[in-house]
Amino acid sequence: MTISAASVQPAASHYVNGKYVDDPDGTPMQSLCSVTGMVIAELNAASASLIDECVVAARQAQESWAALTGTERGRILRKAADLIRERNRELSILETRDTGKPLQETLCADALSGADCLEYFGGIAATVGGETVQQGESFFYTRREPLGVCVGIGAWNYPFQIACWKAAPALACGNAMIFKPSEVTPLSALKLAEIFKEAGLPDGVFNVLQGAAATGSTLVKHPGVAKVSITGSVATGKKVATGAAETLKPVTLELGGKSPLIVFADADMDQAVAGAMLGNFYSSGQVCSNGTRVFVQRAVLEEFLQKLQPRCAAILLGNPLDEKTQMGPLVSAPQRDKVLAYIEIGKKEGARLVCGGDRAVVAGCEQGNFIQPTVFADVTDDMTIAREEIFGPVMSVLTFDTVEEVIERANNTEFGLAAGVFTSDLTTAHGVIAKLKAGTCWINTYNITPVEMPFGGMKHSGMGRENSQHAIEHYSQIKSVYVEMGKLESPY
Ligand code: NAD
């Protein structure tokens with residue numbers, strides 16, 4: 001498939017109260033194709049007055065949405081899941097154009113993950129409720145109630161999936177949502193709004209506003225908003241938590257990482273290599289949970305590198321719309337330059353370049369932001385590439401000797417999003433995992449995130465969990481009701 005110059009210009013920039021709307025007062029913004037650099041959509045950021053209008057519409061819609069039964073809400077979410085599956089190819093092509101991620105990935109990991117999420121939360125919407133506890137003849141019961149209007153703010157690496165991961169539990173609990181996609185990838189969230197409408201979602205329950213930090217910040221501080229869930233960098237997460245604190249809103253923070261992936265000498269080495277590649281090069285390395293600090297036990301270091309190097313060198317870079325392509329460009333020129341700068345720092349600080357280490361030029365996609373899959377060995381804990389999140393296709397391989405040592409070094413970071421352990425010894429696997437300060441962990445695999453499993457980070461990588469039953473706790477609140485069946489005991 002060639003990259004056509006055809007625009008994917010949406011009918012308007014925003015989706016408010018069940019229809020596309022433009023905002024004459026909004027600041028202009030553009031969406032660029034990651035491969036050609038061409039403008040594929042002209043949009044505008046939401047002005048303060050449109051944000052106010054959207055919050056009012058969402059608040060009104062939320063009350064009647066919450067008054068439906070969970071079964072009725074769930075039916076609409078499951079219908080949306082079916083529509084997403086029917087349109088998976090169209091949605092995947094749009095996502096590939098906006099993000100640069102290869103179609104072979106977006107076809108299986110983006111819209112379909114969103115559909116799974118809507119199906120899951122559609123399925124459990126009817127079970128969201130409280131409990132009854134007897135106190136003699138009296139009793140109390142709890143009601144699990146929605147929060148109101150929730151704001152979702154997305155990053156650019158999984159735009160459609162992130163929108164679904166936030167909307168599905170929020171809507172299942174009877175909330176309304178205003179979603180602000182990343183300004184870098186603004187398009188697919190609008191498609192989700194269209195699909196919700198077709199599935200029968202009442203107008204105003206799911207809205208999309210475009211914009212960058214200023215729009216996000218206004219939404220976070222808005223007094224009509226009850227909760228914020230953001231996926232983004234640690235620096236942005238801190239600003240959002242601070243802004244939300246002004247009006248005491250609860251926040252869910254899905255932030256960055258520098259996760260350890262530990263390979264013990266007794267591991268199946270082919271599986272460990274496959275896991276390390278999956279955990280570093282999928283989506284050109286633009287995955288928050290990536291295991292970018294690969295700790296390999298000294299006895300198997302050279303075997304690991306010998307197996308890894310040719311497989312990395314063989315990764316097929318190309319036009320991301322070609323289904324054979326295994327790695328596409330990075331999302332933007334600024335992100336490409338940031339990653340290249342880290343690669344240069346790695347070289348200067350003395351890491352050994354095993355593979356890649358430069359820009360890649362792909363015939364027919366000369367303007368694309370491609371970087372070679374890059375592996376550094378002999379990385380030490382103090383090097384910049386071992387400490388900071390790069391968010392590109394750069395793997396750092398570190399060497400360790402003992403179990404105690406690797407646990408201590410793996411935990412020696414402000415991040416705590418994810419971790420992986422490769423070993424054939426059960427005691428090592430579970431013992432090490434129990435001591436790692438990370439919210440989402442894998443044994444003998446990496447980056448598998450089914451909707452049934454809670455996902456999220458510890459320490460600076462975030463708070464709260466997405467997916468699974470636990471997400472319900474973050475989009476609802478408990479009301480306790482005590483019912484006196486006897487005579488009221490009172491000293492007065
Ligand atoms: P970013 O922090 O630059 O932006 C994220 C979103 O926040 C964007 O929509 C942006 O417009 C908005 N924003 C920026 N400043 C804001 C402010 N002051 N108030 C409100 N909103 C604001 O992140 P990015 O570059 O889009 O994405 C990459 C980062 O996201 C990486 O650090 C990555 O690890 C992280 N990420 C985390 C997860 C996770 O689930 N933990 C998933 C994907 C990406």
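We count ligands from 1, going down the list as the structure has it; atoms in each ligand are counted the same way. Since we're looking at a predicted model, the values are computed, not measured.
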Any N or O on Thr231 sitting closer than 3.5 Å to an N or O of ligand 1?
no
Near Val240, which atoms of ligand 1 are under 4.0 Å from a heavy atom of that residue?
19 (N), 20 (C)
Please classify the Tyr158 to ligand 1 contact at 4.0 Å (heavy-atom distances, strictly less than): side chain, backbone, both or neither.
neither
Between Glu254 and Arg465, does any NZ, NE, NH1 or NH2 come within less than 4.0 Å of an OD or OE carboxylate oxygen?
no
min-distance protein heavy atom vs atom 35 (C) of ligand 1 -> Gly232 O, 3.1 Å
How far is atom 28 (C) of ligand 1 from the closest protein heavy atom, and which atom is that?
Phe391 CE2, 3.6 Å
Taking only non-hydrogen atoms of Ile230 and a 4.0 Å limit, the atoms of ligand 1 in range are 7 (O)
Of all the non-hydrogen atoms in the protein, which one sits nearest to atom 15 (N) of ligand 1, and at what distance?
Ala213 CB, 3.3 Å
Salt-bridge present (Lys338, Glu389; N to O < 4.0 Å)
no
Given that the side chain starts at C-beta and the backbone is N, CA, C, O, which of these parts of Ala212 lies under 4.0 Å from ligand 1, counting heavy atoms, or is it both or neither?
backbone
Before signing off on this row, confirm whether Asn157 and ligand 1 have an N or O atom pair separated by under 3.5 Å.
no
Identify the protein heavy atom lying closest to atom 34 (O) of ligand 1, giving its residue, its atom name and the separation to 0.1 Å.
Glu389 OE2, 2.5 Å
Which atoms of ligand 1 sit under 4.0 Å from any heavy atom of Phe455?
40 (O)
Should Lys197 and Glu194 count as an ion pair when the cut-off is N to O under 4.0 Å?
no
Centroid-centroid distance, Trp165 to Phe455, less than 6.0 Å
yes
Using a heavy-atom cut-off of under 4.0 Å, does the side chain or the backbone of Val184 touch ligand 1, or both, or neither?
neither
Between Val234 and ligand 1, does any nitrogen or oxygen pair lie at a separation below 3.5 Å?
no
Give me the nearest non-hydrogen protein atom to atom 27 (O) of ligand 1 as residue plus atom name, then the distance to 0.1 Å.
Ala155 CB, 3.4 Å
Consider ligand 1: state whether an atom of it lies below 4.0 angstrom from any non-hydrogen atom of Ser182.
yes
Measure the spacing between OH of Tyr15 and CG of Asp203 and express it to the nearest 0.5 Å.
7.0 Å
Is the shortest heavy-atom distance from the side chain of Ile443 to the side chain of His430 under 4.5 Å?
yes
Determine, using heavy atoms of Gly154 and all atoms of ligand 1, whether some pair is separated by less than 4.0 Å.
yes
When you measure from the side chain of Thr374 to the backbone of Gly357, do you find a donor-acceptor pair of N or O atoms at a distance under 3.5 Å?
yes
Polar proximity ligand 1 side, Thr236 side, N/O cut 3.5 Å exclusive:
yes
If I apply the N/O under 3.5 Å rule, does Leu255 come out as touching ligand 1?
yes
For Ile153, the ligand 1 atoms with a heavy-atom partner under 4.0 Å come out as 6 (C), 7 (O), 9 (O), 12 (C), 20 (C), 21 (N)
Give the minimum heavy-atom separation between Val208 and Val16, together with the two atoms involved.
O-CG2, 4.4 Å
So do Ile93 and Leu103 actually touch side chain to side chain, heavy atoms under 4.5 Å?
yes
What is the nearest protein non-hydrogen atom to atom 19 (N) of ligand 1, stated with its residue, atom name and distance?
Ser217 N, 3.5 Å
Between Glu95 and Lys101, is there a salt bridge with N-O shorter than 4.0 Å?
no
Considering the heavy atoms of Ser233, write down every atom of ligand 1 situated less than 4.0 Å from one of them.
1 (P), 2 (O), 23 (O), 29 (C), 30 (O), 32 (O)
Near Trp156, which atoms of ligand 1 are under 4.0 Å from a heavy atom of that residue?
24 (P), 25 (O), 26 (O), 27 (O)
Can you tell me which residue and heavy atom of the protein come closest to atom 39 (C) of ligand 1, and the distance to 0.1 Å?
Cys288 SG, 3.1 Å
Contact check, side chains of Ile390 and Ile385, non-hydrogen atoms, under 4.5 Å:
yes
If you define the side chain from C-beta out and look only at heavy atoms, does anything of Phe121 sit under 4.5 Å from Val451?
yes
Please determine if Arg85 and Asp116 form a salt bridge, counting it only when a charged side-chain N lies under 4.0 Å from a carboxylate O.
yes
Give the C-alpha distance, both sets of side-chain angles, the deciding distance and a yes or no for side-chain contact (heavy atoms from CB on, under 4.5 Å) between Leu50 and Asp52.
CA-CA 5 Å; Leu50 183 64; Asp52 285 342; over 6 Å; no
Which protein non-hydrogen atom lies closest to atom 18 (N) of ligand 1, naming both residue and atom, and how far is it?
Lys239 CD, 3.8 Å
Numbered in order shown, the ligand 1 atoms found under 4.0 Å of a heavy atom of Lys180 are 8 (C), 9 (O), 10 (C), 11 (O)
Give the numbers and elements of all ligand 1 atoms closer than 4.0 Å to a heavy atom of Gly256.
32 (O), 34 (O)
Step through it carefully: locate the ring centre of Phe391, locate the ring centre of Trp156, and say whether they are under 6.0 Å apart.
yes
Tell me the contacting part of Glu183 for ligand 1: side chain, backbone, both, or neither, using a 4.0 Å heavy-atom threshold, strictly below.
side chain
Can you find a pair of side-chain heavy atoms, one from Met327 and one from Pro102, that are under 4.5 Å apart?
no
